[in-house]
There are 2 protein chains.
Amino acid sequence: MVTGILTDQPMELTVKEKCMEKGDHKDCLGVIMPVRDALDVINGKWKLPIIIAISRGHKRFRDIERNIPKITSKVLSKELKDLEAHKLVKRSVFDSQPVTVEYTLTPYAATLNPVIDALFAWGTQHRKTIFGSAEVAEMPVMQE
Amino acid sequence: MVTGILTDQPMELTVKEKCMEKGDHKDCLGVIMPVRDALDVINGKWKLPIIIAISRGHKRFRDIERNIPKITSKVLSKELKDLEAHKLVKRSVFDSQPVTVEYTLTPYAATLNPVIDALFAWGTQHRKTIFGSAEVAEMPVMQE
DNA sequence: GTTAGCAGTTACCAAAAGGATAGTGCTATA
DNA sequence: TATAGCACTATCCTTTTGGTAACTGCTAAC
């Protein structure tokens with residue numbers, strides 16, 4: 001039977017299994033390194049929130065900025081450049097009057113879907129674990 | 001039909017659906033915030049690698065240190081304290097000669113399994129996307 | 001009796017990330 | 001004519017993160 005990486009509960013196709021297939025039964029650096037590759041790309045407080053905001057139809061700079069609590073222009077500008085460099089976001093300039101800029105997700109960004117879903121699920125239950133689920137009213141609000 | 005958060009491809013039970021259920025059709029801060037809650041806990045280069053190393057049977061301080069490339073005593077020490085504070089790792093001191101210290105995962109850490117699996121899967125394919133899959137030989141090695 | 005390992009800590013320092021505030025040139029609206 | 005919005009950039013500053021090196025007290029092995 002195949003088991004998960006952190007528990008011995010049965011799973012369908014797991015990290016541990018893939019690791020075993022590579023023949024590395026001891027250290028399994030092969031698990032740590034791909035995880036770190038992923039972390040290198042989505043690292044920091046802002047990249048995933050930005051991707052989520054764009055995915056929800058906020059294409060314009062100020063529109064994205066308004067929809068991510070506490071972010072500043074400077075940080076958003078820098079993170080968008082990073083995301084562009086990683087081919088997750090596309091920046092398009094339209095020669096209208098005045099010029100408009102649109103940020104959209106590349107098809108590659110869609111491959112992050114399972115990661116975001118897993119983090120959303122874990123974050124949701126973690127919040128319930130920390131405060132009781134009743135205290136949703138304490139959630140920070142967007143525009144103060 | 002229900003669709004994923006980044007694409008319009010069908011999914012079974014998705015972030016978007018949960019979001020819609022909450023009645024937030026516009027901004028869906030409800031997606032960004034749980035993701036940020038999760039990121040606050042697992043953020044940084046080291047926390048997930050440490051959890052993975054412990055999960056693979058490396059319980060002792062030096063043992064963990066040896067199995068995570070480039071980590072230093074100082075950083076490991078600090079990150080272990082953080083993980084303990086977040087109830088993901090348990091530190092046990094045994095009164096042997098000499099005293100031994102063991103780090104183990106709590107049951108709560110096991111709930112991170114889907115997150116780690118998703119990051120592992122994405123990191124693996126991302127690496128293939130960046131270099132060709134043939135260049136596995138270029139992977140950094142553990143002890144130089 | 002010297003070396004090596006264990007489980008860290010301390011001090012110092014550099015780099016990266018993030019926050020606050022202001023300002024740019026442009027245009028559309030009141 | 002003044003205000004506001006857009007898409008940023010610039011400057012300054014603080015906090016966080018990470019890296020180097022040395023050092024602690026202890027014990028076991030050579």
Side-chain angles (χ1 to χ4, degrees), chain A residues 32-33 35-37 39-51 53-54 57-86 89-104 140 142-144, chain B residues 32-33 35-37 39-51 53-54 57-86 89-104 140 142-144:
Chain A
I32 289 177
M33 295 217 347
V35 170
R36 285 217 28 198
D37 289 339
L39 288 174
D40 284 347
V41 175
I42 63 160
N43 224 343
K45 289 164 74 173
W46 305 113
K47 291 197 180 62
L48 289 184
I50 290 168
I51 288 175
I54 297 177
H58 305 290
K59 299 173 187 293
R60 312 288 298 278
F61 190 90
R62 289 282 171 213
D63 199 13
I64 298 167
E65 193 179 355
R66 265 191 302 271
N67 281 278
I68 300 175
K70 312 278 184 188
I71 202 169
T72 62
S73 298
K74 190 190 107 177
V75 170
L76 178 56
S77 174
K78 186 224 164 212
E79 298 289 294
L80 282 170
K81 278 171 191 159
D82 285 359
L83 290 169
E84 226 191 317
H86 280 117
V89 162
K90 186 172 183 301
R91 182 178 187 270
S92 315
V93 182
F94 295 98
D95 211 0
S96 51
Q97 291 300 331
V99 202
T100 55
V101 181
E102 273 190 19
Y103 296 92
T104 48
M142 207 176 66
Q143 286 152 326
E144 286 147 334
Chain B
I32 288 178
M33 297 218 345
V35 170
R36 286 216 28 194
D37 288 339
L39 288 175
D40 284 346
V41 176
I42 64 160
N43 222 342
K45 289 165 73 172
W46 304 113
K47 291 196 180 63
L48 289 183
I50 290 168
I51 288 175
I54 297 176
H58 304 291
K59 298 173 188 292
R60 310 288 299 278
F61 190 91
R62 290 283 172 213
D63 198 13
I64 298 167
E65 193 178 355
R66 265 192 303 270
N67 281 279
I68 299 175
K70 312 278 184 187
I71 202 171
T72 62
S73 299
K74 191 188 103 176
V75 170
L76 178 56
S77 174
K78 185 226 164 210
E79 298 287 294
L80 283 169
K81 279 171 190 158
D82 285 359
L83 290 169
E84 226 191 317
H86 280 116
V89 161
K90 185 174 184 298
R91 183 178 186 269
S92 316
V93 182
F94 295 99
D95 210 359
S96 51
Q97 290 299 331
V99 201
T100 56
V101 180
E102 274 190 20
Y103 296 92
T104 48
M142 206 178 65
Q143 288 151 327
E144 288 148 333

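Proteins get letters first, then strands, A, B, ... in listed order; numbering begins at 1 in each.
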Got a donor-acceptor pair under 3.5 Å from the side chain of A:Lys78 to the base of C:dG18?
no
What is the distance, to the nearest angstrom, from the CZ atom on A:Arg66 to the P atom on D:dA7?
9 Å
For atom NZ of A:Lys45 and atom P of C:dA17, their distance in whole Å:
13 Å
Return whichever of A:Asp63 or A:Lys74 has its heavy-atom-nearest nucleotide of DNA chain D closer to the 5' end.
A:Asp63
Considering only heavy atoms from C-beta outward, does the side chain of B:Phe94 approach that of B:Glu102 to under 4.5 Å?
yes
Spacing of A:Arg62 atom CZ relative to D:dT9 atom P, expressed in whole Å:
11 Å
Would you kindly give the CG-to-C1' distance between B:Asp40 and D:dT15, to the nearest whole Å?
15 Å
Under the side chain to side chain contact (heavy atoms under 4.5 Å, CB included) rule, what do B:Asn43 and A:Asn43 come out as? Steps first, then yes or no, please.
CA-CA 7 Å; B:Asn43 222 342; A:Asn43 224 343; 3.4 Å; yes
note: B:Arg60, atom CZ; C:dG8, atom P; distance rounded to Å ~ 9 Å
Rounded to the Å, how far apart are B:Glu65 CD and C:dA4 C1'?
15 Å
Just to confirm, is there a sub-4.0 Å distance from OP1 or OP2 of C:dT9 to any side-chain nitrogen or oxygen of B:Ser77?
yes
Distance below 4.0 Å between A:Lys70 side-chain N/O and C:dA20 OP1 or OP2:
no
Distance, rounded to the nearest Å, where A:Ile71 contributes CD1 and C:dG18 contributes P
9 Å
Please figure out whether A:Glu79 or A:Pro98 has its closest DNA chain C nucleotide nearer the 5' end.
A:Glu79
Tell me, do B:Trp46 and A:Arg36 make a side-chain contact under 4.5 Å, heavy atoms counted?
yes
Can you tell me which nucleotide in D:dG18, C:dG18, C:dA7 comes closest to the side chain of A:Val75?
C:dG18
Flag side-chain contact, heavy atom, 4.5 Å: A:Asp82 against A:Ile50:
no
Could you check A:Lys47 against B:Tyr103 and say which one's nearest nucleotide on DNA chain C is further toward the 5' end?
B:Tyr103
Using atom CD of A:Gln97 as one end and atom P of C:dT27 as the other, report the distance to the nearest whole Å.
6 Å
Any carboxylate oxygen within less than 4.0 angstrom of a Lys/Arg side-chain nitrogen, looking at B:Glu65 and B:Arg62?
yes
